[in-house]
Asker: 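The structure under discussion is supplied below as structure tokens; questions concerning it will follow.
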There are 2 protein chains.
Amino acid sequence: MDSKIISPAVIGRLPRYYRYLGDLKDEGVERISSQELSELMKVTASQIRQDFNNFGGFGQQGYGYNVEYLYNEIGKLLGLHENHHLIIIGAGNLGRALTNYSNFENRGFIFEGIFDQNPALIGKKIGELTVMPMEEIESFILAHSIDIVVIAIPKTGAVAVADRVVNCGIKAIWNFAHTDLNVPDGVVVENVHLSDSLMKLSYTLSTKNNSVD
Amino acid sequence: MDSKIISPAVIGRLPRYYRYLGDLKDEGVERISSQELSELMKVTASQIRQDFNNFGGFGQQGYGYNVEYLYNEIGKLLGLHENHHLIIIGAGNLGRALTNYSNFENRGFIFEGIFDQNPALIGKKIGELTVMPMEEIESFILAHSIDIVVIAIPKTGAVAVADRVVNCGIKAIWNFAHTDLNVPDGVVVENVHLSDSLMKLSYTLSTKNNSVD
DNA sequence: AAAGCTTTGATAATTATTTGACAACTTATT
DNA sequence: AATAAGTTGTCAAATAATTATCAAAGCTTT
């Protein structure tokens with residue numbers, strides 16, 4: 001409907017707002033001003049107001065923002081008002097960790113299946129799920145209305161698996177493989193490159209040592 | 001020494017350059033131009049040259065960049081020429097997954113210890129490591145010259161643990177807890193908020209459904 | 001119900017980041 | 001040895017993101 005383009009910077013901040021507002025709600029806080037929230041989150045009040053205004057503005061002059069309302073509205077923006085059905089490709093350490101990370105389910109992210117190519121793992125239980133063979137990915141996606149695929153396998157197989165699930169109509173991939181996936185327009189990939197993250201930390205650590213000491 | 005401030009945007013791109021250059025090196029590619037690299041990485045050649053120039057420029061006019069040299073130089077920038085010693089706080093699913101993710105060791109990130117507060121876990125083997133009780137964190141950090149602490153526990157305990165390790169002189173924290181850590185100046189925190197990442201994916205998925213369909 | 005206080009939403013100014021253009025230099029070719 | 005082709009590093013221009021400012025509007029108090 002309103003196809004206004006929201007900048008990536010703003011989208012990237014939404015989950016953090018959501019987190020803080022959730023905490024405030026749990027603490028029983030009813031209203032908050034951009035000023036108060038800015039002190040809590042260590043950002044400028046101007047940025048907060050600017051961000052929310054991208055979506056039409058959720059506040060009221062002279063009052064501020066109603067915490068619960070704002071929390072719900074941002075939740076809707078983030079697509080948390082509807083359930084998402086996920087499968088995990090790769091039952092290694094990371095795949096297992098994600099499966100058991102029950103936190104996601106509370107937000108409507110439901111893990112429906114887990115797949116691996118290692119015959120020794122197939123049939124094993126991981127949390128509530130049973131590891132299935134890779135051949136069944138396509139049929140499972142169609143049968144269970146999967147809308148998000150989590151890739152948690154080494155980079156060698158990742159690109160091929162991504163192609164397969166994209167061919168099944170998957171439009172969203174959460175990629176933990178240490179490689180970039182080349183997907184067609186209309187498919188979103190959210191990368192979690194753990195090594196990259198660790199290197200960034202290492203960069204800052206090294207630089208600081210050189211300049212301060 | 002040269003305390004020129006590098007923009008966060010540039011730093012954030014360094015690991016990706018490093019990854020691509022490593023792949024090129026492994027393929028036996030000797031030299032590459034910013035033009036070729038830009039096509040590979042789907043960024044502008046101008047950005048690549050601009051980025052490298054922040055550090056003095058690694059190329060040669062008329063020739064391009066020597067892949068191996070550039071790879072090594074970026075590695076040095078990222079602090080990968082020296083070993084880092086890490087401990088993991090939290091031997092849950094995520095802590096275990098990280099411990100066994102041997103990839104990091106190849107880059108000089110050495111996991112030296114893992115801690116948990118659950119008595120049932122203490123003494124258990126995880127990969128090469130044995131789970132230790134939380135009380136021993138401080139002494140272990142000092143005895144083993146730990147320079148990076150990985151926080152992989154629920155958010156309730158995360159802030160307190162961060163305070164403890166900061167008091168031990170730790171300057172770098174890799175934080176997987178679903179909360180922001182409030183650390184003093186001079187301490188770097190690199191956050192990996194998995195839920196945030198998943199929500200971003202969900203945002204784009206929802207938005208696309210609304211606008212395209 | 002009026003007056004003063006608060007706070008948003010919107011606009012403008014500032015700052016940061018990305019892209020484009022080209023001189024200077026290197027390599028390759030004739 | 002001279003010329004042509006290729007490529008960086010740098011500067012300038014354009015775009016994007018953040019911050020500051022303030023009028024307009026809603027609350028709160030008397």
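Keep in mind that what you see is a predicted model, and the values were worked out from it rather than measured.
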Asker: Please classify the nucleic acid contact of B:S46 as base, sugar-phosphate, or nothing, using heavy-atom distances under 4.0 Å.
Answerer: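 If one applies the 4.0 Å heavy-atom cut-off, B:S46 turns out to touch a base.
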Asker: Can you tell me which residue among A:Y20, A:F52, A:F58, A:Y17 is in a ring pair (Phe, Tyr, Trp, His ring centres under 6.0 Å) with A:Y65?
Answerer: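 Testing A:Y65 for a ring pair (Phe, Tyr, Trp, His ring centres under 6.0 Å) against A:Y20, A:F52, A:F58, A:Y17 leaves exactly one candidate, A:F52.
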Asker: Which atom pairs link the protein and nucleotides 2-4 of chain C when you take only N or O atoms and keep those under 3.5 Å?
Answerer:
none

Asker: Can you list the steps and then say if B:I89 with B:M134 is a side chain to side chain contact (heavy atoms under 4.5 Å, CB included)?
Answerer: CA-CA 8 Å; B:I89 319 276; B:M134 300 284 275; 3.8 Å; yes
Asker: Out of curiosity, A:F176 CZ to A:E190 CD, how far, rounded to the nearest 0.5 Å?
Answerer: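 Those atoms lie 9.0 Å apart.
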Asker: Has B:S202 got a side-chain atom pairing as donor or acceptor with A:L78's backbone, closer than 3.5 angstrom?
Answerer: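 Indeed, once roles are kept as given, a pair shorter than 3.5 Å links the two residues.
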Asker: For B:D23, give me all partners under salt bridge (charged side-chain N to carboxylate O under 4.0 Å, His left out), at least two apart in sequence or on another chain.
Answerer: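 So B:D23 forms a salt bridge (charged side-chain N to carboxylate O under 4.0 Å, His left out) with A:K155.
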Asker: Without decimals, in angstroms, what is the distance between B:Q50 CD and D:dT7 C1'?
Answerer: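 One finds 15 Å between C1' of D:dT7 and CD of B:Q50, rounded.
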Asker: In whole angstrom, what separates B:I6's CD1 from C:dA16's P?
Answerer: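 Whole-Å distance recorded here is 14 Å.
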Asker: By salt bridge (charged side-chain N to carboxylate O under 4.0 Å, His left out), which residues pair with A:D147, not counting sequence neighbours?
Answerer: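 Partners of A:D147 by the salt bridge (charged side-chain N to carboxylate O under 4.0 Å, His left out) criterion come out as none, since no residue qualifies.
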Asker: Which residues satisfy the salt bridge (charged side-chain N to carboxylate O under 4.0 Å, His left out) test with A:E112, sequence neighbours excluded?
Answerer: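 Partners of A:E112 by the salt bridge (charged side-chain N to carboxylate O under 4.0 Å, His left out) criterion come out as none, since no residue qualifies.
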Asker: I'd like a list of close polar pairs between nucleotides 6-9 of chain C and the protein, N/O only, cut-off under 3.5 Å.
Answerer:
{"residue": "C:dT7", "atom": "O4'", "partner": "A:G62", "partner atom": "N", "Å": "3.2"}
{"residue": "C:dT7", "atom": "O2", "partner": "A:G62", "partner atom": "N", "Å": "3.4"}
{"residue": "C:dT8", "atom": "OP1", "partner": "A:S34", "partner atom": "N", "Å": "2.7"}
{"residue": "C:dT8", "atom": "OP2", "partner": "A:S34", "partner atom": "OG", "Å": "2.6"}
{"residue": "C:dT8", "atom": "O2", "partner": "A:Q61", "partner atom": "NE2", "Å": "2.6"}
{"residue": "C:dG9", "atom": "OP1", "partner": "A:G59", "partner atom": "N", "Å": "3.1"}
{"residue": "C:dG9", "atom": "OP1", "partner": "A:G59", "partner atom": "O", "Å": "3.1"}
{"residue": "C:dG9", "atom": "OP2", "partner": "A:N53", "partner atom": "OD1", "Å": "3.3"}
{"residue": "C:dG9", "atom": "OP2", "partner": "A:Y65", "partner atom": "OH", "Å": "3.0"}
{"residue": "C:dG9", "atom": "O5'", "partner": "A:N53", "partner atom": "OD1", "Å": "3.4"}
{"residue": "C:dG9", "atom": "N7", "partner": "A:R49", "partner atom": "NE", "Å": "3.1"}
{"residue": "C:dG9", "atom": "O6", "partner": "A:R49", "partner atom": "NE", "Å": "3.4"}
{"residue": "C:dG9", "atom": "O6", "partner": "A:R49", "partner atom": "NH2", "Å": "3.0"}

Asker: With respect to B:W174, which candidate in B:F109, B:F104, B:F111 satisfies the ring pair (Phe, Tyr, Trp, His ring centres under 6.0 Å) definition?
Answerer: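 Of the listed options, the one satisfying the test is B:F104.
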Asker: Do A:Q47 and A:T44 have side-chain N/O donor and acceptor atoms under 3.5 Å apart?
Answerer: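 Not at all, the side chains of A:Q47 and A:T44 share no donor-acceptor pair under 3.5 Å.
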Asker: When the ring planes of A:H144 and A:F140 are compared, do they come out parallel, tilted or perpendicular, using 30° and 60° as the limits?
Answerer: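 Answer is parallel, since the angle falls under 30°.
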Asker: Would you mind reading off the distance between B:I48 atom CD1 and C:dT17 atom C1', rounded to a whole angstrom?
Answerer: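 Those two atoms, CD1 and C1', are 16 Å apart.
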Asker: Check each residue of residues 7-14 of chain B for a non-hydrogen atom within less than 4.0 Å of any atom in DNA chain C, then write out the ones that pass by number, or none.
Answerer: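 Residues of residues 7-14 of chain B that come under 4.0 Å of DNA chain C are, in numerical order, B:S7, B:P8, B:A9, B:R13.
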